[in-house]
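Numbers here simply count residues along the sequence, with the first being 1.
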Amino acid sequence: MSDGGERLEVWCAGKDWCPITTTASLIGKKWHPVIVHRLLTDGPSGFNDLKSSVDGISSKVLSDSLEDLQEKGLVDRAVISEQPFRVEYSLTERGASLEPVITAMAEWGQEHLRPPEEVDGSR
């Protein structure tokens, strides 16, 4: 599946919105787009590096998210060494093809979201 050639299953009847639903089901979980973004910007990464770069994610949620992204054919997991045990995560061709989607999400956020207010007690 990592060659990007396999077509995704159609999960809905409406041909106009089905591609949106399919894409949303792949990256619609809270941390999925962030993980894909980090792998796009940082390249292949180990688990601890990803955990450090995805602020606020727990080890369990990161592990579950990476497993889900693997099952969906967006992320590859490679064992780099057995002693000490080390794995590296990278985007598949299909995962890397999400770059324009992730970039558009980032650009939209930059344009429309307010920066966090200074902590001054007046919220």
Just wondering, do [Y] and [X] contact through their side chains at under 4.5 Å, heavy atoms?
X	Y	answer
Leu91	Asp76	no
Glu67	Glu71	yes
Val61	Lys30	no
Leu66	Leu50	yes
Leu62	Ile35	yes

Over all atoms of both residues, closest heavy-atom pair of [X] and [Y]:
X	Y	value
Lys72	Arg94	O-NH1, 4.2 Å
Leu26	Leu69	O-CD2, 4.1 Å
Gly46	Arg86	CA-NH1, 4.1 Å
Trp31	Ser65	CB-OG, 4.2 Å
Gly95	Val36	O-CG1, 4.2 Å
Ser97	Pro100	O-CD, 3.3 Å

> Under the side-chain contact (heavy atoms from CB on, under 4.5 Å) criterion, do Ile57 and Val34 qualify, and how do the steps go?
Replying inline: CA-CA 10 Å; Ile57 194 168; Val34 179; over 6 Å; no

> Do Ile80 and Tyr89 share a hydrophobic cluster (ILVMFWY, side-chain heavy atoms under 4.5 Å, transitive)?
Replying inline: no

> Can you tell me how far the CE atom of Met105 sits from the CD atom of Gln110, to the nearest 0.5 Å?
Replying inline: 13.0 Å

> How many angstroms lie between atom CG of Leu39 and atom CG of Leu74, to the nearest 0.5 angstrom?
Replying inline: 10.5 Å

>> Suppose the criterion is side-chain hydrogen bond (donor to acceptor under 3.5 Å, both in side chains): which pairs have a residue in residues 44-59, not counting sequence neighbours?
In response: none

>> Which Ile, Leu, Val, Met, Phe, Trp or Tyr residues join Trp108 in one cluster when any pair of side-chain heavy atoms under 4.5 Å counts as a link?
In response: Leu113

>> Tell me if a side-chain donor or acceptor on Thr92 pairs with a main-chain N or O of Gly73 at a distance below 3.5 Å.
In response: yes

